[in-house]
Amino acid sequence: MRLLFVHADEMSFEAQRPALKAPPPLSPGEEKGSAAEVLVVFYTVEARDVEDAGSVVAQAVENIQDVLRQVHAREVLLYPYAHLSNQLAPPDRAKELGDRLREKVRSSLSVPVRWAPFGYYKSFVLRAKGHPLAELSRAIGPGSSLPATPGGPSPPKTSAPPTESQALANEKKLVSHWYVLTPEGELTEAERYDFSQDPDFQAFYRYEAQGSRSAAEEPPHVRMMREMELVDYEPGADAGNFRWYPKGYLMKRLLEEHASNLIQAAGGMRVETPIMYDFEHPALKKYLDRFPARQYILRSEDKEYFLRFAACFGQYLIFHDMVMSRKDLPVRLYELARFAFRREQTGELSGLRRLRTFTMPDMHTVVADLEQAKAEFLAQFRASQTWMADLEIPYHAAVRFVREFYDAHADFAKTLARTLGKPLLVEMWDERFFYFVMKFEFHPLDTQGRAAALSTVQIDVENCERFGIQYTDSDGQRKTPLLLHASIPGAIERNVYALLETEARRMARGEKGKFPFWLAPTQIRILPVSDAYVDAALELAERLEAEAGARVDVDDREEGIGRKIRDAELEWVPLVLVYGEKEKGSPHLSVRRRDGTRAQMSLEELVREVRESQGTHPRAPLPLPRRIRLRPVFRG
RNA sequence: GCCACUGUAGCUCAGUUGGCAGAGCGGCUGAUUCGUAAUCAGCAGGUCGGGGGUUCAAGUCCCUCCAGUGGCUCCA
């Protein structure tokens with residue numbers, strides 16, 4: 001049986017004249033009908049269906065239920081439609097099977113079911129909704145059912161015209177195979193892997209392989225980022241563009257600086273390239289053709305430009321003009337791309353997880369050959385581990401391969417698993433559809449069990465050729481190198497999302513939220529017990545700032561000490577100092593740590609502890625007035 | 001982009017069958033000068049997301065647009 005589903009605003013039909021010599025009689029009112037918000041099910045009964053009509057009907061009902069669940073139509077219209085197949089069942093058998101289908105559908109669906117008569121030529125008017133699931137076709141046989149074909153029907157007699165880019169079309173054909181690779185080097189099919197030791201890892205696999213089915217609720221990081229006055233939506237801009245308040249912008253700057261330091265330490269030479277490019281540039285044109293059109297378009301006078309969706313172009317164009325010899329390689333260019341622009345579909349946007357304008361630390365590395373590519377890939381894998389550790393974000397790793405490449409470099413995959421020290425999720429594709437042969441990503445899990453890629457590195461085997469990037473080998477020959485794409489941290493905004501979601505998960509377990517010490521907007525807050533101690537507290541703050549290099553503020557409001565403690569807790573201030581009569585003449589400070597413990601320590605001891613927590617991470621001054629009384633409210 | 005849900009004070013939310021726009025927090029003013037998660041009192045604060053319609057009367061019903069979230073699609 002062939003099924004064609006159309007989710008329609010409305011559908012009406014009318015029987016015109018018999019299509020068979022002896023058509024079944026029409027019952028009154030059966031000759032015409034109409035329906036609105038309807039799932040129209042065109043079906044064709046095929047010759048082989050009669051072998052096991054029961055199974056075919058059961059499968060058809062299951063398919064209808066499945067589609068109905070996804071599109072939420074208000075009713076169902078069954079429409080016998082002979083044109084979906086050229087191997088029709090005899091009319092009497094088809095009619096009989098159709099009747100069985102109708103009865104089964106009526107008894108098992110919660111929505112009203114209508115049907116069009118069998119054996120007549122009918123006219124119909126149909127207005128389809130046009131969303132991705134509005135049109136689906138399925139084929140069912142007495143044995144097993146074939147998978148659904150989304151995105152429009154592909155009836156046997158016709159083929160869809162190539163209306164989309166090659167890349168998009170290719171992705172649809174992409175078949176993934178999933179495995180788990182352990183640090184010991186054992187590769188197991190994911191479905192047969194024992195996940196019982198790590199349910200989070202299993203959730204990660206399920207999300208990657210199947211997508212999520214989570215309950216509808218706002219992600220916690222959105223509430224947190226606004227309540228803590230870090231970041232907010234900007235209604236005056238396009239969707240997916242954000243405003244950063246002083247505290248959030250401080251964190252963003254620190255993350256950017258840390259990322260740049262880490263990448264430059266790994267050999268990245270920092271550059272800056274334009275954010276907009278000429279649509280008609282020949283090399284870019286070919287490149288754009290490889291991707292779905294999701295750019296912001298900029299019209300200026302009579303020319304069109306697009307805003308970059310990554311820092312790739314700028315760096316390709318630099319590499320193209322460079323003179324590189326074998327001994328120079330690997331050559332690494334790095335840009336803190338502020339910003340990359342992607343006009344994602346509105347429904348794909350989600351808080352700081354998916355934006356239209358974002359900050360991407362982007363490094364490209366030109367390498368001579370595969371050996372060098374692997375060595376660099378491993379080094380960048382390690383740098384990414386360092387990044388994630390510095391942010392104190394737990395994560396899972398996915399490594400994706402073209403199968404042929406995996407088979408030739410299985411030892412390298414094992415090296416990665418060993419380096420990670422825990423099992424890796426491995427995805428393999430039978431063919432290479434993308435420009436890369438392998439990549440990895442690090443994914444934190446959010447509160448709703450969704451994954452989002454942060455660190456990622458890819459080995460690109462295509463773009464050096466496309467952009468004419470070459471080097472001179474030791475034998476004097478001009479050669480085309482390989483290229484690595486790397487975003488060691490991933491998008492900076494997404495790192496903030498990951499920090500907040502990680503803490504939301506901890507808080508859901510009853511723990512306290514916290515930021516890594518080096519990112520906390522206020523690192524130390526001094527609470528004078530009353531107005532009389534404010535001056536002394538301010539003096540102490542200045543001293544601490546000078547000696548420990550920390551961000552120190554003073555809660556000089558006319559509030560009780562309990563209230564000040566509470567507010568410091570809600571702001572996740574890591575160290576709180578109560579300052580009153582007891583401390584005034586004493587060599588000891590009263591320190592309250594984020595974990596609730598309290599300690600008496602000297603200034604020197606405190607300075608030592610702060611320096612240790614801060615490590616070598618970047619510093620920046622307090623983003624707001626030191627005296628809390630002088631701070632405006634950015635958001636209630 | 002499609003489907004669903006949501007949008008009321010700066011924030012979080014209540015608002016009955018259509019009938020005078022509400023609370024808590026935050027802000028301001030005053031009192032209080034306090035020892036480890038919320039001191040007390042008073043005051044101000046509204047284009048009920050925007051526009052259109054139905055009605056004697058719309059936060060409430062209808063249409064439309066915008067935004068947010070979830071799912072689908074997508075994620076260079």
Side-chain angles (χ1 to χ4, degrees), chain A residues 7 37 69-73 128-136 150-151 165 167-168 171-172 211-219 222-223 226-227 229 232-240 287-288 290-295 308-313 340 342-351 353-356 358 360 362 434-436 439 441 448 450-453 456 458 460 463 485 487 491 494 512 527-534 557-571 576-583 590-593 596-598 632-636:
Chain A
H7 186 200
E37 291 298 315
R69 198 159 40 235
Q70 296 181 59
V71 301
H72 305 289
K129 285 197 177 286
H131 60 79
L133 292 175
E135 297 170 41
L136 294 165
S165 79
L168 257 185
E171 282 173 38
K172 292 204 170 145
S212 77
R213 290 272 170 206
S214 57
E217 61 183 34
E218 185 172 81
V222 171
R223 184 178 44 75
R226 304 172 87 188
E227 267 175 12
E229 299 189 311
D232 212 337
Y233 297 106
E234 177 46 75
D238 188 24
Y287 188 57
L288 285 174
R290 191 89 167 79
F291 297 104
R294 285 288 164 71
Q295 297 86 10
R308 65 175 174 197
F309 48 76
C312 298
F313 324 104
R342 300 184 186 182
R343 238 200 86 92
E344 311 287 10
Q345 301 180 81
T346 52
E348 293 165 355
L349 298 171
S350 171
R353 179 169 179 264
R354 194 88 175 273
L355 296 77
R356 278 184 172 168
F358 61 95
M360 184 155 74
D362 204 355
F434 304 104
Y435 56 81
F436 53 83
K439 71 186 293 201
E441 300 132 28
Q448 298 167 47
R450 286 181 307 203
T456 182
Q458 309 164 354
D460 179 340
N463 284 304
H485 297 248
S487 189
R494 192 175 271 188
K512 277 187 186 176
L527 311 185
V529 167
S530 76
D531 277 356
Y533 306 99
V534 168
R557 296 172 303 167
E558 289 182 58
E559 295 287 351
I561 200 73
R563 176 53 179 263
K564 293 182 182 182
I565 294 273
R566 177 181 150 85
D567 288 346
E569 292 281 355
L570 292 173
E571 279 188 60
V576 173
L577 272 51
V578 174
Y579 194 93
E581 194 54 37
K582 273 190 260 169
E583 289 72 20
S590 303
V591 178
R592 179 188 162 105
R593 298 197 183 84
T597 61
R598 283 154 65 177
V633 176
F634 286 87
R635 199 174 187 282

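Convention: sequence-line order gives letters A, B, ...; per-chain numbering from 1. For clarity, every value in this text was computed on a predicted model and none was experimentally measured.
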Taking B/U8 as the reference, what is the distance to B/G15 when you measure between their C1' atoms (whole Å, please)?
9 Å

Distance col, row A/Arg226:CZ vs A/Tyr233:OH, nearest 0.5 angstrom, shows 6.0 Å

When all nucleic acid strands are considered with a 4.0 Å heavy-atom cut-off, which category describes A/Leu527: base, sugar-phosphate, or nothing?
nothing

Whole Å only: how far is the CZ atom of A/Arg450 from the P atom of B/C72?
10 Å

For A/Arg598, does its backbone N or O pair with a side-chain atom of A/Arg592 as donor and acceptor, under 3.5 Å?
no

Quantified in whole Å, what is the P atom distance between nucleotide B/U54 and nucleotide B/G59?
16 Å

Any idea which of B/G1, B/A76, B/A37 is nearest the A/Arg566 side chain?
B/A37

In Å, rounded to the nearest 0.5 Å, how long is the span from CZ of A/Phe358 to CD of A/Glu344?
7.5 Å

Run the numbers on A/Arg354 and A/Glu348 for salt bridge (Lys or Arg N to Asp or Glu O under 4.0 Å), then give the verdict.
CA-CA 7 Å; A/Arg354 194 88 175 273; A/Glu348 293 165 355; 3.6 Å; yes

Expected output: side-chain A/Glu229 to main-chain A/Arg635 donor-acceptor under 3.5 Å
yes

Taking Watson-Crick and G-U wobble contacts under 3.5 angstrom, with | marking pairs to another strand and [ ] crossing pairs, the secondary structure of RNA chain B is written (((((((..((((.....[..)))).(((((.......))))).....(((((..]....))))))))))))....

Please state how far atom CG in A/Asp232 lies from atom C1' in B/C11, giving the value in whole angstrom units.
11 Å

A/Leu349 CG to B/G70 C1', straight-line distance once rounded to whole Å:
13 Å

Sugar-phosphate, base or nothing in reach of A/Ala568, heavy atoms under 4.0 Å:
nothing

Under 4.0 Å between any heavy atoms, over every strand shown, what does A/Gly351 touch: base, sugar-phosphate, or nothing? Just pick one.
sugar-phosphate

Please report the distance separating the C1' of B/G26 from the corresponding atom of B/C66, rounded so that it comes out in whole Å.
28 Å

Does OP1 or OP2 of B/G49 have a side-chain N or O of A/Tyr233 closer than 4.0 Å?
no

Which residue, A/Ser350 or A/Lys439, contacts RNA chain B at a nucleotide closer to its 5' end, judged by nearest heavy atom?
A/Ser350

Between B/U64 and B/U73, how many Å separate the two P atoms, rounded to a whole number?
27 Å

Look up atom CD in A/Glu559 and atom CZ in A/Arg566, then write down how far apart they are to the nearest 0.5 Å.
11.5 Å

Whole-Å C1' distance, B/U55 and B/U12:
34 Å

Nucleotide B/A76, atom P - distance to CG of A/Asp460 in whole Å:
13 Å

Output, in order, the C-alpha distance, side-chain angles, deciding distance and verdict of salt bridge (Lys or Arg N to Asp or Glu O under 4.0 Å) for A/Glu569 and A/Lys512.
CA-CA 9 Å; A/Glu569 292 281 355; A/Lys512 277 187 186 176; 3.2 Å; yes

For A/Glu37 and A/His485, take the nucleotide of RNA chain B holding the closest heavy atom to each; which residue's nucleotide lies nearer the 5' end?
A/Glu37

Interatomic distance, A/Leu527 atom CG to A/Asp567 atom CG [nearest 0.5 angstrom]
9.5 Å

Taking the side chain of A/Arg635 as heavy atoms from C-beta outward, which of B/G26, B/A67, B/G10 is closest to it?
B/G10

Return the nearest nucleotide to the side chain of A/Arg343; candidates are B/G1, B/G70, B/A76.
B/G1

Without decimals, in angstroms, what is the distance between A/Arg223 CZ and B/C25 P?
19 Å

Pair A/Tyr435, A/Gln458 - check side chain to side chain donor-acceptor pair (under 3.5 Å), show working.
CA-CA 9 Å; A/Tyr435 56 81; A/Gln458 309 164 354; 2.5 Å; yes

What interatomic distance, in whole Å, is found between P of B/U17 and the corresponding atom of B/A9?
23 Å

Once the angle between the rings of A/Phe309 and A/Phe313 is folded into 0 to 90°, is it parallel (under 30°), tilted (30 to 60°) or perpendicular (over 60°)?
perpendicular

All N/O contacts under 3.5 Å from nucleotides 34-36 of chain B to the protein, with atom names and distances to one decimal?
{"unit_1": "B/G35", "atom_1": "O6", "unit_2": "A/Glu581", "atom_2": "N", "d": "2.7"}
{"unit_1": "B/G35", "atom_1": "O6", "unit_2": "A/Lys582", "atom_2": "N", "d": "2.9"}
{"unit_1": "B/G35", "atom_1": "N1", "unit_2": "A/Glu583", "atom_2": "OE1", "d": "2.9"}
{"unit_1": "B/G35", "atom_1": "N2", "unit_2": "A/Glu583", "atom_2": "OE1", "d": "3.3"}
{"unit_1": "B/G35", "atom_1": "N2", "unit_2": "A/Glu583", "atom_2": "OE2", "d": "2.5"}
{"unit_1": "B/U36", "atom_1": "O3'", "unit_2": "A/Arg592", "atom_2": "NH1", "d": "3.4"}
{"unit_1": "B/U36", "atom_1": "O2'", "unit_2": "A/Arg592", "atom_2": "NH1", "d": "2.9"}
{"unit_1": "B/U36", "atom_1": "O2'", "unit_2": "A/Arg598", "atom_2": "NH1", "d": "3.2"}

When the C1' atoms of B/G24 and B/G19 are compared, how many Å lie between them, rounded to an integer?
27 Å

Rounded interatomic separation in angstrom, taking CG from A/Leu570 and P from B/C25
15 Å

Roughly, in whole Å, what's the span from CD in A/Gln345 to P in B/A76?
14 Å

Rounded to whole angstrom units, what separation is found between the CD atom of A/Glu571 and the C1' atom of B/A38?
14 Å

Donor-acceptor contact present, side-chain A/Lys564 to main-chain A/Arg557, <3.5 Å:
yes

Nearest-nucleotide pick for A/Val222, side chain only, options being B/A67, B/U69, B/U12
B/U69

Distance below 4.0 Å between A/Arg563 side-chain N/O and B/G26 OP1 or OP2:
yes

With no hydrogens and no angle check, do the side chains of A/Glu581 and A/Tyr533 hold a donor and an acceptor under 3.5 Å apart?
yes

Go through the N and O atoms of the side chain of A/Arg342 and the base of B/C75, and report whether any donor-acceptor pair is under 3.5 Å.
no

Taking atom C1' in both B/C20 and B/A58, what distance in whole Å separates the two?
14 Å

